[in-house]
Amino acid sequence: MENIKLNIEKTLDFISKENLASYESKVRACMETLEKGTGLGNDFLGWLHLPSSISKEHLADLKATAQVLRENCEVVVVAGIGGSYLGARAVIEAMSDSFAWLKEKKEGNPTIVFAGHNIGEDYLYELTSFLKDKKFGIINISKSGTTTETALAFRLLKKQCEDQRGKEMARKVIVAVTDAKKGAARVTADKEGYKSFIIPDNVGGRFSVLTPVGLLPIAVAGIDIDQLVSGAADMEKVCANENLMENPAALYAATRNELYKNGKKIEILVNYQPKLHYFMEWWKQLYGESEGKDNKGIYPSSVDFSTDLHSMGQWIQEGERTIFETVVSVATPNHELHVPSDEENLDGLNFLAGKRVDEVNKMAELGTQLAHVDGGVPNLHVSVPKLNEYYLGQLIYFFEKACGISGYLLEVNPFNQPGVEAYKKNMFALLNKPGYEEASKAIQARLKK
Ligand code: PA5
């Protein structure tokens, strides 16, 4: 079986091979720190050997629960935010027919919708209206069990589900994914008797896609979680290699850190398949929350090409030269479509007649790579043989392992997110949450100034 491949050739006009080679020992030290659990954030290393330790029984339990939701629901609402949301959405969108939600017959797959990842009143109003005549279920995902966005959406949805489907059916089609002991989501699940799955203590949100956080919604969507885990487990082996040049995660971490040292402060993750849009969102959280601290860190951003070549292309080609690109490129699409020939050739496109649409896409990709490198943008290339569960599993683990190594190279704790609390404290103070009286007074005084 082929693996995903990283090519850094097009960065070597910007950084020297010698400097890159000097990362060999540093990267090895970072990997050892991860393995031995002796570095910062070592309470959160449960993701490191997660793929190879997931048991068949656990997968069977997830699939059986998914089947209950599939059999009893037309729509399943996945409620969660950040790490409790993005991984599932990334895989579901990548593996689903782009127009499935518009089709009458869904081939037994419930429509998956998302909630709890914003506080938009219109969003929630429109969602609850859409659900009014639907047999729907809910997967309530929150590690802390207290995240406001998710808890608020769940409060609305739980009531609606019970009102529409009755208490007994609601109990069958509401599943909780949360902490083993603490948090409101755990209390509710235990009291109501919901089926629940535990998020391991030692796996942080953004590293949790291969726990029930991601695996349950993905299985409900009819996507093969065995293959996803198998791809990740195979990549776990590949990324254990101590040789820098043979370990894609180590090489990616080293290259991006050397680029950062050379003034490339922004990384743009690029796809040429719109289905990967949410994969990029997942990646942005993984790297943004892991590295953006202590006044350091590459700013992770993303674009969908060729769409965004018509919006962001100008900036990337000629704006401030502080960027580099990492392209996730799918070698072979899952479907084949040829450009038809047209006798009149009014649109002048007969030079493309007979070619696969993907050939045009690939030439757009190559042309863009050459133009961007000429324009001063280093380019890393991750080649994915096919867009399927197995390779998505490989990609997930590759980026996770690289993130752990990269964070240690940067000398930050890649596994905490202290900055996320700042807005919450202010929001709770402004909303007069019990326990925030002092903060509330301080913030009111500040607003009066
Ligand atoms: O990576 C993280 O830790 C965060 O993005 C969390 O996943 C997010 O804030 C949601 O938290 P919780 O699962 O506790 O609701």
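Atom set for the values below is all heavy atoms of this structure, side chains included, hydrogens, waters and symmetry mates excluded.
- Scored by the side chain to side chain donor-acceptor pair (under 3.5 Å) test, Asn262 finds Glu258 as partners (sequence neighbours excluded).
- Taking 4.5 Å as the limit, every side-chain heavy atom of Val270 sits out of range of all side-chain heavy atoms of Asp304.
- Between Asp201 and Lys143, none of the side-chain N atoms (NZ, or NE/NH1/NH2) sits under 4.0 Å from a carboxylate O, so this pair counts as no salt bridge.
- The list of ring pair (Phe, Tyr, Trp, His ring centres under 6.0 Å) pairs with a residue in residues 430-449, not counting sequence neighbours, reads Phe428-Tyr436.
- Without hydrogens or angle criteria, Lys195 side chain to Val173 main chain gives no donor-acceptor distance under 3.5 Å.
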Let me check something: any side-chain donor-acceptor pairs from residues 208-234 under 3.5 Å, sequence neighbours excluded? List them with distances.
| from | atom 1 | to | atom 2 | distance (Å) |
| --- | --- | --- | --- | --- |
| Ser208 | OG | Gly83 | O | 3.3 |
| Ser208 | OG | Gly205 | O | 2.6 |
| Thr211 | OG1 | Ser208 | O | 2.7 |
| Thr211 | OG1 | Val213 | N | 3.2 |
| Asp224 | OD1 | Asp226 | N | 3.0 |
| Asp224 | OD1 | Gln227 | N | 3.1 |
| Asp226 | OD1 | Lys63 | NZ | 3.1 |
| Asp226 | OD2 | Lys63 | NZ | 2.7 |
| Asp234 | OD2 | Tyr390 | OH | 2.5 |

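- For the ring pair (Phe, Tyr, Trp, His ring centres under 6.0 Å) condition, the pairs that include at least one residue of residues 305-325, sequence neighbours left out, are Tyr272-Phe305.
- Applying the ring pair (Phe, Tyr, Trp, His ring centres under 6.0 Å) rule to pairs touching residues 123-155 yields His117-Tyr123, sequence neighbours excluded.
- Within the 4.5 Å cutoff, no side-chain heavy atoms of Ile141 are placed close to those of Tyr85.
- Inter-residue side-chain proximity for Val91 and Glu389 is flagged as unmet; no heavy-atom pair is nearer than 4.5 Å.
- Judged by the 6.0 Å distance and 45° axis criteria, Arg256 is not positioned over the aromatic ring of Tyr260.
- Remark: the backbone N or O of Glu289 is not paired with any side-chain donor or acceptor of Lys284 at under 3.5 angstrom.
- Glu162 has no carboxylate O lying under 4.0 Å from a charged side-chain N of Arg171, or vice versa, which leaves the two without a salt bridge.
- To the nearest 0.5 Å, the span separating CD on Glu93 from OG on Ser96 amounts to 7.0 Å.
- You'll find the side chain of Val27 stays beyond 4.5 Å of the side chain of Cys30, heavy atoms only.
- In this structure, the side chain of Lys293 engages the main chain of Ser290 through a donor-acceptor pair within 3.5 Å.
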When the side chains of residues 5-18 are checked against the rest of the protein, which donor-acceptor pairs come out under 3.5 Å, sequence neighbours left out?
| from | atom 1 | to | atom 2 | distance (Å) |
| --- | --- | --- | --- | --- |
| Asn7 | OD1 | Glu9 | N | 2.8 |
| Thr11 | OG1 | Ile8 | O | 2.6 |
| Ser16 | OG | Asn19 | N | 3.0 |

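- Side-chain contact between Lys424 and Thr148 is absent, with no heavy-atom pair separated by less than 4.5 Å.
- Taking a cutoff of 4.0 Å between a charged side-chain nitrogen and a carboxylate oxygen, Lys158 and Glu192 qualify as a salt bridge.
- Using a 4.5 Å heavy-atom cutoff, the side chains of Phe114 and Arg89 are in contact.
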